[in-house]
2 protein chains.
Amino acid sequence: MNFQQLRIVRETVRCNFNLTEVANALFTSQSGVSKHIKDLEEELGVELYIRKGKRLLGLTEPGKELVKVVEKILQETANLKSIAQNYTSQGVGELAIATTHTQARYSLPSIISQFRQRYPAVHLKLYQSSPGEIVQLLTRGEVDIGIATEGLEGIADVAVFPFYRWRHTVVVPKGHPLTRSKSPDLHQIGAYPIITYHAGFTGRARVERAFNQAGITPDICMSALDADVIKSYVELELGIGIIAPMAFDPDRDTGLEALETGQLFEENVTYLALKRGRVIRDYVYEFLQLCKADFNRSTVKAEIGL
Amino acid sequence: MNFQQLRIVRETVRCNFNLTEVANALFTSQSGVSKHIKDLEEELGVELYIRKGKRLLGLTEPGKELVKVVEKILQETANLKSIAQNYTSQGVGELAIATTHTQARYSLPSIISQFRQRYPAVHLKLYQSSPGEIVQLLTRGEVDIGIATEGLEGIADVAVFPFYRWRHTVVVPKGHPLTRSKSPDLHQIGAYPIITYHAGFTGRARVERAFNQAGITPDICMSALDADVIKSYVELELGIGIIAPMAFDPDRDTGLEALETGQLFEENVTYLALKRGRVIRDYVYEFLQLCKADFNRSTVKAEIGL
DNA sequence: GATGCTTACGATACCCGTAAAGATA
DNA sequence: TATCTTTACGGGTATCGTAAGCATC
């Protein structure tokens with residue numbers, strides 16, 4: 001048994017059992033991949049894969065159980081390297097963050113600029129992704145931190161920590177009729193076509209829920225991934241926007257106004273997420289503390305199982 | 001990085017950093033050991049060992065941290081094999097138990113004979129050891145189960161389960177004066193020279209505690225590892241014996257009598273111990289259930305962290 | 001016919017073990 | 001001096017990649 005064999009097994013799952021793809025992902029040859037799998041199965045005395053002729057279709061029962069252990073082993077070998085680097089290269093390395101547009105554009109810049117000042121030798125890698133992709137990047141161990149408002153909770157290998165809380169706000173073109181009412185309610189808002197986030201992004205579900213509970217079927221005439229796009233179309237008077245408040249800046253967004261919507265919408269929680277069992281570099285803990293001063297290193301460690 | 005390197009690192013700790021010994025333990029050459037260590041340190045960029053000239057003396061701080069992870073990795077690779085064998089070779093394999101004389105001789109035979117009937121193809125390996133050795137065998141992963149009354153609690157990587165409870169009994173030569181009193185107390189018993197277990201074995205500490213609390217300094221004229229030896233000397237009238245009740249059989253030990261000592265001594269708990277994180281074969285769970293019918297496989301698994 | 005897996009084979013690199021030299025107690 | 005570690009070097013083996021053959025879709 002060797003590490004290459006284990007890497008290959010892990011990769012087969014990630015590549016949907018396409019060995020050619022596995023070989024490419026691991027920068028090696030198909031033939032080697034094929035042989036390694038055969039060798040490992042022989043050594044363990046178990047067929048790991050369900051086969052149909054020459055094609056692999058999925059994992060057998062023992063295969064499923066074994067892959068879990070294989071992932072643990074590979075995770076721990078990655079941890080060996082992280083631990084070593086924490087000693088040898090303090091403040092040097094990479095910080096990979098996967099997050100949504102909203103965070104990348106509006107909530108992280110100030111934190112990241114602080115972090116860069118403190119750790120100029122840490123290379124920052126910012127993935128901008130959907131919540132689903134963020135989970136995948138996290139569980140694959142390709143990023144250190146995931147940040148999103150949706151889709152991070154309830155994943156077995158992912159630990160989440162509340163980052164901050166917020167409620168959606170309504171933005172309208174300057175001079176829009178709604179600006180005349182002191183604090184418009186959902187019925188008044190629902191009377192206009194609405195532009196907001198795609199389903200599964202940035203608390204979109206909570207926007208819909210608010211209308212549903214008020215018995216209103218809103219006319220969501222457009223949806224977009226990010227507030228920049230939404231704001232552009234609101235300025236073009238195609239509808240009114242419902243966006244995260246972080247995304248509205250009265251100084252910059254001069255063509256728009258934000259309404260006083262109070263608690264019309266449910267509260268959203270934006271989470272920071274870490275992979276359980278993954279050792280992270282010291283500066284990652286520092287980054288977390290920049291996000292939220294009361295982040296305690298030892299409680300974070302306990303939460304992710306270290 | 002490869003598994004041999006990790007095995008070597010683990011073994012250096014076990015062999016007190018004597019690389020020659022490591023090489024012998026792993027059936028390889030010193031030179032290879034030396035080189036592997038060097039290579040691994042180079043790859044991780046960290047000195048794992050404190051050196052004095054050419055000799056290794058111990059682990060550095062990063063070394064200590066890394067060895068923990070190395071042990072995890074190697075444990076999980078062993079688990080891979082166990083899991084595979086649970087599928088391929090049901091009821092075939094090895095069951096290694098480390099226990100003290102008392103258990104091996106008196107409490108286990110009936111269980112083991114039942115087990116052998118059920119799993120004739122499982123090779124039994126019975127280590128008879130001191131509690132300290134039992135802990136070592138367990139943590140090194142050389143045995144599946146440890147059984148003892150002493151020294152198993154409070155070890156980080158070892159989970160313990162109460163097996164059964166018992167109190168020491170007093171055995172005397174037939175016709176001994178003490179047999180005349182209905183239920184002798186500690187003062188009466190302490191008047192005679194006593195033969196019992198070595199310190200650290202089979203609840204010896206509780207025997208002493210009982211006398212101490214009664215303000216008596218007993219004359220422990222002999223101590224031995226096991227009840228067979230103790231009983232022999234009691235028969236020779238060198239003293240009276242204080243032994244585990246399992247070790248007295250009125251039919252066989254015809255030269256002796258057991259006194260009615262009621263609750264003179266504190267209760268002892270004999271524990272079954274498993275190594276945390278170690279996957280054990282299905283038949284090991286069956287063995288545990290033979291020991292105690294209410295052993296629940298899933299609670300055991302949870303307790304050992306699987 | 002295009003894609004994907006296996007087998008065969010040759011080149012390479014890695015790992016091991018012997019042996020010699022140097023260091024430590 | 002005896003024990004222990006390092007370094008150097010040669011032999012063997014395992015791994016890798018190319019290429020050909022075959023199965024699957």
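Below, each value reflects all heavy atoms present in this structure, side chains not excepted, and no hydrogens, waters or symmetry copies.
A:I8 places its CD1 atom 7 Å from the P atom of D:dC16, with the value rounded to the nearest Å. Atom-to-atom, CG of A:L26 to P of D:dT15 comes out at 15 Å; the value is rounded to the nearest Å. Between B:Q30 atom CD and C:dA21 atom P the separation is 17 Å, expressed in whole Å. Nucleotide D:dT5 holds its P atom 6 Å from the CG atom of B:L56, rounded to whole Å. Summarising the geometry, the separation between NE2 on A:H36 and C1' on C:dC5 is reported as 16 Å, rounded to the nearest angstrom. Regarding A:F3, its CZ atom lies at a distance of 14 Å from the P atom of D:dT15, rounded to whole Å. Taking atom CG of residue A:N24 and atom C1' of nucleotide C:dC5, one finds them 14 Å apart after rounding to whole Å. What separates CG of B:L19 from C1' of C:dC16 is a distance of 16 Å, to the nearest Å.
Below the 3.5 angstrom threshold, one finds a donor paired with an acceptor across the side chain of B:S31 and the base of C:dG17.
A donor-acceptor pair under 3.5 Å is formed between the side chain of B:E43 and the backbone N or O of B:M1.
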Derivation and outcome, side chain to side chain donor-acceptor pair (under 3.5 Å), residues A:T12 and A:Y49: CA-CA 10 Å; A:T12 56; A:Y49 300 98; 2.7 Å; yes
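Within 6.0 Å of the CD atom in A:E94, the count of heavy atoms belonging to other residues, nucleotides or ligands exceeds 12. Residue B:Q90 places its CD atom among 12 or fewer non-hydrogen atoms of other residues, nucleotides or ligands, all under 6.0 Å distant.
Between A:K38 and C:dC5 there is no side-chain N or O to OP1 or OP2 distance below 4.0 Å. One finds a side-chain N or O of B:T20 lying less than 4.0 angstrom from the OP1 or OP2 phosphate oxygen of D:dT5.
When each of A:G32 and B:M1 is assigned the nucleotide of DNA chain C with its nearest heavy atom, A:G32 is the one assigned upstream, toward the 5' end. Taking for each of A:F27 and B:N18 the nucleotide of DNA chain D with the nearest heavy atom, the 5'-most of the two is the partner of B:N18.
At a cut-off of 3.5 Å, with distance as the only test, a side-chain donor of B:E65 or A:Y87 sits close to an acceptor on the other residue. Side chains of A:R281 and A:Q85: a donor-acceptor N/O pair is present below 3.5 angstrom, by distance only.
Proximity note for A:R51 (side chain, C-beta onward) versus D:dT5, C:dG17, C:dT6: the nearest is C:dT6. Distance from the side chain of A:N2 is smallest for D:dT15 among the nucleotides D:dT15, C:dC15, D:dT5.
Residues B:Q128 and B:T99 form no side-chain contact, since every pair of their non-hydrogen atoms from C-beta on lies 4.5 Å or further apart.
Using a 4.0 Å cut-off between a side-chain N of Lys or Arg and a carboxylate O of Asp or Glu, A:K68 and A:E71 do not qualify as a salt bridge.
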N/O to N/O distances under 3.5 Å, protein versus nucleotides 23-25 of chain D:
unit_1 : atom_1 : unit_2 : atom_2 : d
D:dT24 : O2     : A:R55  : NH2    : 2.9

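Within 4.0 Å (heavy atoms only), A:S29 reaches at least one base atom of the nucleic acid. Nucleic acid contact class of B:K35 (heavy atoms, under 4.0 Å, all strands): none. Residue B:F17 is in sugar-phosphate contact alone, with no base atom involved, counting any heavy-atom pair closer than 4.0 Å across all strands shown.
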